[in-house]
Amino acid sequence: MPVFLRSTLPVLFLLCLALLPVAARAEITAEDVNLRIDTFDEIDRLFKALRFKVVNQRSDNRQGAMVYSRELVELSYRLPALFDEPSPREIYPQSRARPEIWNRKARYDFLLDEFLDNLEMIHDHLDKGQMSQAGQLIDRTAQSCRRCHNTFRYR
Ligand code: HEC
C-alpha cells in the first residue's frame, strides 16, 4: 500500500464514521414544515368550531360535536413526527417554530403529549354524552394552546 494511502485511509475512515449519523438522520423538508402549518391552521378552525358548539351554544348534539373532535384527534397525531428535526428560520422563514422546541425538547414533548391526551379525552367525554366535562376540558385545552405558543412559537 502506498504511504499516501496508509496515512490517509484511517483519516477517511474516521471521517465516514463522523458523517454517518448526519446521513442517517432524516432531514426535515419544506413539505413537512408546510404540512405542520396547515395542520395547525386546520386544528385552529376545528377547535374554534367545537368550542363554539359545546361551550358557547351548550349544544347537546354529541354526534355533531364528535365530527370535529374525531378530526382533531386524527390531525393532532401527525404533529409529533413533524417536529422530529429542527427547522431553522434561515431555511424555513415561513415557520414560526422557535429553536426552544429542540433546546427544551422534554418540555415541548410533554406539552404536545398533554395536548394529544386532552383532545382524546374531549372526544371520549362527548362519546359518553358528558357535555359539561367536555366543555371544561375544551376551555383548559384552549389555555394550553396559548401556554405552548408563549414559549415555543414566534409572534
Ligand atoms: C405543544 C405546543 C403547541 C400546542 C399545544 C399548540 N400549538 Fe399551535 N403551534 C405550535 C407551534 C410550534 C407552531 C408553529 C409551527 C410552525 O410555524 O412551524 C404553532 C402554530 C399554530 C398556528 C399557526 C400556523 C402558522 O404558523 O401560521 C395556529 C393557528 C395554531 N398553532 C393554533 C393552535 C391551537 C388553536 C391550539 C390549541 C387548540 C394549538 N395551536 C396548540 C405549538 C403548539
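Numbering of ligands and ligand atoms starts at 1, following listing order. What you are looking at is a predicted structure, and each value in this text was computed from that prediction instead of being measured.
Proximity of a side-chain donor or acceptor of Arg96 to a complementary backbone N or O of Tyr154 within less than 3.5 Å is detected.
Looking at Phe152 against ligand 1, only its backbone comes within 4.0 Å, counting heavy atoms. Counting heavy atoms closer than 4.0 Å to ligand 1, residue Val33 contributes nothing at all. By the criterion of a heavy-atom distance under 4.0 Å, the side chain of His149, and not its backbone, is placed next to ligand 1.
For atom 2 (C) of ligand 1, the nearest non-hydrogen atom from the set Ser95, Ser87, Cys148 comes from Cys148. Taking all heavy atoms of Arg45, Arg107, Gln143, Arg153 into account, the minimum distance to atom 23 (C) of ligand 1 is reached by Arg153.
The shortest N/O to N/O separation between Arg36 and ligand 1 falls below 3.5 Å. An N or O contact shorter than 3.5 Å is missing between Asp41 and ligand 1 by distance.
For atom 36 (C) of ligand 1, the nearest protein heavy atom (residue, atom name, distance) is Cys145 SG, 2.7 Å. For atom 17 (O) of ligand 1, the closest heavy atom belonging to the protein is Arg96 N, 2.7 Å. Atom 11 (C) of ligand 1 has as its closest protein heavy atom Phe40 CE1, 3.9 Å.
In this structure, Gly135 and Val55 approach most closely via the heavy-atom pair O-CG2, 3.7 Å.
Partner of Ile122 under the side chain to side chain contact (heavy atoms under 4.5 Å, CB included) criterion, chosen from Asp127, Val54, Leu50, Asp117: Leu50.
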